[in-house]
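Okay, so here's the structure we're looking at.
We count residues from 1, following the sequence as given. Bear in mind the structure is a predicted one, so any value in this text is a computation, not a measurement. Only this structure's heavy atoms are used, side chains among them; waters, hydrogens and symmetry mates stay out.
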Amino acid sequence: NEGFVPQGLHYDDTAKHYLFSGYCSNNTASAVYVVASTGEFVKKVTLLKKDGSDYTGHCGGLAVKGNYLYVAGGEDCCLYVYSYVTVKNAENGAKIECLGTFPTKIAENDYIKPAFVTVADGKIIVGEFYRANSNDTPASHKITTKAGDYNQALALEYYSTSSNSLGIETNPVKAYSLPNQVQGLTVKNDKVYLSISWGLSFSRVPVYDKSALVKEKDISVLGEDIPLYSLDSTSFMHEYKLPPMSEELIFVGSKMFVLNESASSKHFFGKLTGANWLYSTDLDKLK
């Protein structure tokens, strides 16, 4: 009800807090909300850019690794990086200084626009969103996989590090070829789960066997030649159907939590259909 459009989701198992990132449709500063696992509101903080001005861009997904909170910077072709210790210690309503931006563009035709970010097996994965006519990607990201699927987006995998001020190695080490309209990615028990949505269509969560991902080739991206693995029909296992406008997704134990943006004031219809709640599904019990 404050203009917040949720995009990103993270769970701090130590503090037992959920973190929600998103942009504001009224062009005020993008925010991170912190909510206790009991459902109680803890605080809202707003994000600043490196120059000290409010970050009012399309704030996408978020992830936490160590002392760093990463926010997908979308059109700015970067991750915005913040101190997670600062976020945890901040008072409600505080503005959080930006430690810096991690670039994901080196040339006009060599970039990704981060829509989501996640941590999997200790590595940081940054992915883009493709949709025809509105969210294009570079031509080199569009491939027909060995299985015959046509994928048009990439996710890049990075090592974390303690050797620089942003906690992430400069160069990607692996790429993943993705289907269209991916809003989030998470990994659990050697399975990759995607959140795929657009508009009023049903959302989908396809599941892939990570051990069965096929190496397509080496791809040149962001100045590096790295192996490219595809999420396609070869490794596809099954799929869940969800209400419209799913965003990032995470696991807490065996439960899958999926964020949804349709209850925001921007879209509104979700307020009438129960989407103003964060739902979880215990996949161990689901047949």
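Tyr193 and Glu239 share no side-chain donor-acceptor pair at under 3.5 Å. With no hydrogens or angles considered, a side-chain donor-acceptor pair links Asp51 and Ser53 at under 3.5 Å. Side-chain contact, Tyr84 with Asp12: a donor N or O sits under 3.5 Å from an acceptor N or O. Side-chain contact check for Asn135 and Lys113: no donor-acceptor pair (N or O, by modelled atom type) lies under 3.5 Å. Looking only at atom types and distance, the side chain of Ser246 has a donor-acceptor partner in the side chain of Ser195 under 3.5 Å away. Side-chain atoms of Tyr23 and Asn27 form no donor-acceptor pair, as typed in the model, at a separation below 3.5 Å.
Under the 4.5 Å side-chain criterion, counting only non-hydrogen atoms from C-beta, Leu242 is in contact with Val205. In this structure, the side chains of Ser30 and Thr56 stay at 4.5 Å or more apart for every pair of heavy atoms. In this structure, Leu47 and Val71 have side chains that are in contact, with non-hydrogen atoms separated by less than 4.5 Å. Tyr68 places none of its side-chain heavy atoms less than 4.5 Å from the side chain of Ser160. The shortest side-chain heavy-atom distance between Tyr111 and His141 does not fall under the 4.5 Å cut-off. Using a 4.5 Å heavy-atom cutoff, the side chains of Glu2 and Lys44 are in contact. Proximity of Ile226 to Leu156: side-chain heavy atoms (C-beta onward) are separated by under 4.5 Å at one or more points. For the pair Thr186/Phe251, a side-chain contact is recorded, criterion being any heavy-atom separation below 4.5 Å from C-beta on.
Atom CG of Leu259 sits about 6.5 Å away from atom CD of Glu247, to the nearest 0.5 Å. Separating the NZ atom in Lys191 from the OG atom in Ser235 is a distance of 13.0 Å, to the nearest 0.5 Å. Of the inter-residue distances, the one linking Asn180 atom CG with Asn151 atom CG reads 7.5 Å to the nearest 0.5 angstrom. Interatomic distance, Met245 CE to Glu261 CD, rounded to the nearest 0.5 Å: 5.5 Å. Considering CG of Leu79 and CD1 of Ile124, their distance stands at 8.0 Å, rounded to 0.5 Å. Once rounded to the nearest 0.5 Å, the distance linking OG of Ser265 with CG of Asn26 reads 9.0 Å.
By the 6.0 Å contact criterion, OH on Tyr159 is open, its count of non-hydrogen atoms from other residues, nucleotides or ligands being 12 or less. A 6.0 Å sphere centred on CG of Asn1 holds no more than 12 heavy atoms belonging to other residues, nucleotides or ligands. Counting non-hydrogen atoms of other residues, nucleotides and ligands closer than 6.0 Å to CZ of Phe268 gives a total of 12 or fewer. No more than 12 heavy atoms of other residues, nucleotides or ligands shown are found within 6.0 angstrom of NZ on Lys255.
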**OP:** Using the side chain to side chain donor-acceptor pair (under 3.5 Å) rule, take Ser254 and Asp282 through it: C-alpha gap first, then chi angles, then the decisive distance, then the call.
**Re:** CA-CA 6 Å; Ser254 63; Asp282 192 332; 2.8 Å; yes
**OP:** Would you please test Glu248 and His10 for side chain to side chain donor-acceptor pair (under 3.5 Å) and show each step?
**Re:** CA-CA 9 Å; Glu248 280 198 325; His10 175 82; over 6 Å; no
Subject >> Asn189/Lys210 under side chain to side chain donor-acceptor pair (under 3.5 Å): CA gap, chis, key distance, verdict >> reply: CA-CA 9 Å; Asn189 294 337; Lys210 191 169 185 286; over 6 Å; no
**OP:** Quick one: do Tyr33 and Tyr18 satisfy ring-ring contact (aromatic ring centres under 6.0 Å, His included)? Show the steps, please.
**Re:** CA-CA 8 Å; Tyr33 282 82; Tyr18 293 93; over 10 Å; no
Subject >> Trace of the side chain to side chain contact (heavy atoms under 4.5 Å, CB included) decision for Leu249 with Leu9 >> reply: CA-CA 7 Å; Leu249 72 172; Leu9 176 62; 5.8 Å; no
**OP:** Start with the C-alpha gap between Gln7 and Phe20, add the side-chain angles, then the distance that decides, and say whether side chain to side chain contact (heavy atoms under 4.5 Å, CB included) holds.
**Re:** CA-CA 7 Å; Gln7 303 288 298; Phe20 303 87; over 6 Å; no
Original post:
Should Leu178 and Leu154 be marked as a side chain to side chain contact (heavy atoms under 4.5 Å, CB included) after you check the CA-CA gap, both sets of side-chain angles, and the distance that decides it?
Top reply: CA-CA 6 Å; Leu178 304 178; Leu154 288 183; 5.9 Å; no
Subject >> Glu97/Ser83 under side chain to side chain contact (heavy atoms under 4.5 Å, CB included): CA gap, chis, key distance, verdict >> reply: CA-CA 8 Å; Glu97 294 182 1; Ser83 164; over 6 Å; no
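Taking every heavy atom of both residues into account, Gly61 and Ser21 meet most closely at C-OG, 3.7 Å. Considering every non-hydrogen atom in both Tyr279 and Gly274, the closest pair reads OH-O, 2.7 Å. The two residues Ala275 and Ser262 come nearest to each other via the heavy atoms CB-OG, 3.2 Å. Considering all non-hydrogen atoms of both residues, Leu222 and Tyr158 come closest at CD1-OH, 3.3 Å. The heavy-atom pair separating Ser264 from Phe4 by the smallest distance is CB-O, 3.2 Å. Here the closest non-hydrogen pair linking Pro179 and Ala153 is O-CB, 4.2 Å.
Checking side-chain atoms of Lys95 against main-chain N and O of Thr46 turns up no donor-acceptor pair under 3.5 Å. Of the possible polar contacts, one joining the Thr104 side chain to the Ile112 backbone as a donor-acceptor pair under 3.5 Å is found. Under the 3.5 Å distance criterion, the side-chain polar atoms of Asp76 are left unmatched by any main-chain donor or acceptor of Cys78.
Aromatic rings from His238 and Tyr240 are positioned such that their centres are separated by under 6.0 Å.
Under the 6.0 Å distance and 45° angle rule, Lys49 does not count as a cation-pi partner of Tyr55. A cation-pi geometry, defined here as NZ or CZ lying under 6.0 Å from the six-membered ring centre and within 45° of its normal, holds between Lys174 and Tyr229.
Here the rule is side-chain contact (heavy atoms from CB on, under 4.5 Å) with Phe102, and of Asn164, Ile168, Val117, Val126 only Ile168 fits it.
The salt bridge (charged side-chain N to carboxylate O under 4.0 Å, His left out) analysis of residues 216-227, with sequence neighbours excluded, yields the pairs Lys215-Asp218.
Residues that satisfy the salt bridge (Lys or Arg N to Asp or Glu O under 4.0 Å) test with Asp190, not counting sequence neighbours, are absent from this structure. Residues forming a side chain to side chain contact (heavy atoms under 4.5 Å, CB included) with Lys142 (at least two apart in sequence, or on another chain): Tyr130, Asp136, Thr137, Tyr150, Gln152.
Contact check on Lys146 versus Asp232 returns no salt bridge, with no Lys/Arg side-chain nitrogen under 4.0 Å from an Asp/Glu carboxylate oxygen.
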